[in-house]
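This one's a predicted model, so the numbers in the text were calculated from it and none came from an experiment.
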Amino acid sequence: MTKLKMAVQKSGRLNEESIQLLKNCGIKIQNPGAQLKAEAANFPIEILFLRNADIPQYLEDNIADVAIIGENVLIEKEKNVKPIQKLGFAPCRLSLAVPKEVQNNDISYFEGKKIATSYPNTLNAYLKQKNINADIHVISGSVEIAPNIDLADGICDLVSSGSTLFRNGLRESQVILTSEAVLAKSNNLSPDKEKILDKLLFRIKASLEAKNNKYVLMNVPNDKIEDIANLLPVLKSPTVLPLASANWSSMHTVIEEDQFWEVIDQLKANGAQDILIIPIDKMIL
Ligand code: PRT
């Protein structure tokens, strides 16, 4: 039987959420603690546990068919591999940072300077586009200490909370790109594998939609049904069911969680009561 080979980070920031995403898609991985490979009991997929940094090459060489990987790594490795779906976790940005005493906040600061990074290709392309000549010094880890030991004038590294920069007396100067975990696919998948991938993508999208939305139930006075419905950016129109008490109805709808918090005060001002917000497991539009 044909199986789709999916590369997932072996250990690190992406591993846990990648496995969770597959679980949310109803895929039961038989031996998730395995060193190199794992199978799914109920879906034609084989999981290969690899280093994030090596995955683009495996995709280009068709060793893996698809992968969950940080988009920043895909860009840096410049392989012939495309992201096909953003996955909404491991958000970060690749940024240039300078010692906090540096006043110049412009890219011109870096002209003729030395920059330490583990992302030489992405940095080089960015500097070229900005017409800046700088000396790129490649180091594979702990990039943030480079200015403190006089190895570089600035750094180019991933930032999420910014606390690593802060702890090392640095500040973010330019954002080069933003990134998150993505599903990427190798070129030249067989038609059989493309079909499995379509099924997987369908499940991933249903699971991601569900994560961003909530099912909302509330009791509303009948004379306010229209006003309240107008406040809610719903899929089609809300479901309205009569309550046993006269003049009241139960209104049900689906709404993005962020949008809900924006309209909650107006809902209450219009008489909505007993509001329940329920997580959705899957959502197929
Ligand atoms: O070893 P392997 O090749 O498998 O992976 P890796 O060294 O790339 O592993 P890992 O687990 O550190 O990162 C995997 C992916 O997570 C990255 O490629 C990004 O796509 C994503 N990601 C998200 C991050 C961060 N946020 C992040 N903050 N990767 C690294 N960092 C580091 C950053 O390099 C810096 O040292 O965290 C520090 C900064 O964090 P803050 O919160 O202090 O700003």
Side-chain angles (χ1 to χ4, degrees), residues 4-18 21 48-98 107 109-110 113-144 146 152 154-162 164-165 170 172-189 197 200-201 204-205 208:
L4 193 70
K5 283 182 282 174
M6 172 184 265
V8 163
Q9 190 189 27
K10 189 176 159 63
S11 63
R13 288 166 201 264
L14 302 181
N15 173 274
E16 224 170 87
E17 288 199 73
S18 302
L21 176 72
L48 307 177
F49 294 105
L50 300 168
R51 286 200 54 205
N52 194 31
D54 297 335
I55 289 176
Q57 186 68 56
Y58 284 114
L59 284 171
E60 192 174 75
D61 295 343
N62 294 305
I63 305 292
D65 301 315
V66 291
I68 296 177
I69 183 171
E71 194 174 7
N72 52 297
V73 178
L74 213 53
I75 293 169
E76 172 62 23
K77 298 295 176 181
E78 299 180 334
K79 303 292 176 200
N80 187 17
V81 173
K82 291 274 170 290
I84 54 170
Q85 173 71 46
K86 288 186 186 286
L87 299 175
F89 62 89
C92 57
R93 46 200 190 272
L94 183 69
S95 293
L96 281 162
V98 294
I107 184 70
Y109 166 79
F110 292 96
K113 297 283 197 312
K114 202 169 185 181
I115 309 171
T117 189
S118 312
Y119 289 84
N121 297 329
T122 314
L123 175 59
N124 192 30
Y126 179 78
L127 294 176
K128 219 170 173 180
Q129 182 208 332
K130 300 281 177 191
N131 268 324
I132 299 290
N133 284 305
D135 177 9
I136 298 178
H137 189 87
V138 183
I139 44 180
S140 57
S142 303
V143 172
E144 61 280 355
I155 66 164
C156 165
D157 197 13
L158 296 177
V159 182
S160 47
S161 68
T164 303
L165 293 184
L170 302 171
E172 211 169 345
S173 146
Q174 320 282 324
V175 176
I176 296 179
L177 59 84
T178 55
S179 171
E180 65 184 85
V182 294
L183 184 73
K185 85 164 181 164
S186 150
N187 289 320
N188 314 316
L189 286 198
L197 176 57
L200 177 66
L201 261 176
I204 289 178
K205 284 179 183 163
L208 293 177

query = Checking side-chain contact (heavy atoms from CB on, under 4.5 Å) for the pair T164/V159: CA distance, chi angles, key distance, verdict?
reply = CA-CA 8 Å; T164 303; V159 182; over 6 Å; no
key: Under 3.5 Å: donor-acceptor pair, side chain of T117, backbone of Y119   = yes
query = Which value, rounded to the nearest 0.5 Å, describes the distance between Q85 atom CD and L21 atom CG?
reply = 9.5 Å
request  = Look up atom CD in E76 and atom CG in L123, then write down how far apart they are to the nearest 0.5 Å.
outcome  = 8.5 Å
key: Flag side-chain contact, heavy atom, 4.5 Å: L200 against M6   = yes
ask   = Considering residues, nucleotides and ligands other than Y109, do more than 12 of their heavy atoms fall under 6.0 Å from its OH?
value = yes
inquiry  = Quick check on E78: does its CD atom have over 12 non-hydrogen neighbours (other residues, nucleotides or ligands) under 6.0 Å away?
reply    = yes
ask   = Taking the side chain as C-beta and beyond, is there a heavy-atom pair between L183 and I68 under 4.5 Å?
value = yes
ask   = Does E71 offer a backbone N or O that forms a donor-acceptor pair with the side chain of E180 under 3.5 Å?
value = no
note = Nearest heavy-atom contact between E144 and D157 is OE1-OD2, 3.7 Å
message = Looking at I139, is its backbone amide N or carbonyl O close enough to the side chain of S118 to form a donor-acceptor pair, meaning the two atoms are under 3.5 Å apart?
response = yes
key: Heavy-atom closest pair, residues S173 and F110   = OG-CE1, 3.7 Å
S179 vs L94 side-chain heavy atoms within contact, under 4.5 Å = no
note = dist K114:NZ -> D135:CG (nearest 0.5 Å) comes out at 5.5 Å
Residues E60 and K77 bridged, charged N to O under 4.0 Å = no
request  = Kindly compute the distance separating CG (D54) from NZ (K10), expressed to the nearest 0.5 Å.
outcome  = 11.0 Å
ask   = About how many Å separate CG of N72 and CG of L158, when rounded to the nearest 0.5 Å?
value = 5.0 Å
task = Report the C-alpha distance between S18 and F89 in whole Å, list the side-chain angles of each, state the deciding distance to 0.1 Å, and finish with yes or no for side-chain contact (heavy atoms from CB on, under 4.5 Å).
result = CA-CA 9 Å; S18 302; F89 62 89; 3.9 Å; yes
ask   = For L50 and Y58, what are the C-alpha separation, side-chain angles and deciding distance, and is it a side-chain contact (heavy atoms from CB on, under 4.5 Å)?
value = CA-CA 9 Å; L50 300 168; Y58 284 114; 3.5 Å; yes
request  = Can you see which heavy atom on V143 is nearest to which on I155, and at what distance?
outcome  = O-CG2, 3.4 Å
query = Under the criterion side-chain contact (heavy atoms from CB on, under 4.5 Å), which of I75, D61, L74 is the partner of P56?
reply = L74
query = Can you name the nearest heavy-atom pair linking S160 to C92, along with the distance?
reply = CB-CB, 4.4 Å
ask   = Looking at K86 and V182, what are the two nearest heavy atoms and their distance?
value = CA-CG1, 4.1 Å
task = Using atom types as modelled and distance alone, determine if a side-chain donor or acceptor of Q9 lies under 3.5 Å from a backbone N or O of N52.
result = no
task = Flag the pair V81 / I55 as yes when at least one side-chain heavy-atom distance between them is below 4.5 Å, and no otherwise.
result = no
Interatomic distance, Q129 atom CD to I176 atom CD1 [nearest 0.5 angstrom] = 9.5 Å
Full working for side-chain contact (heavy atoms from CB on, under 4.5 Å) between L189 and L197 = CA-CA 9 Å; L189 286 198; L197 176 57; 3.9 Å; yes
inquiry  = On a heavy-atom basis, which atom in L165 and which in E172 lie closest, and how many Å separate them?
reply    = CD1-N, 4.0 Å
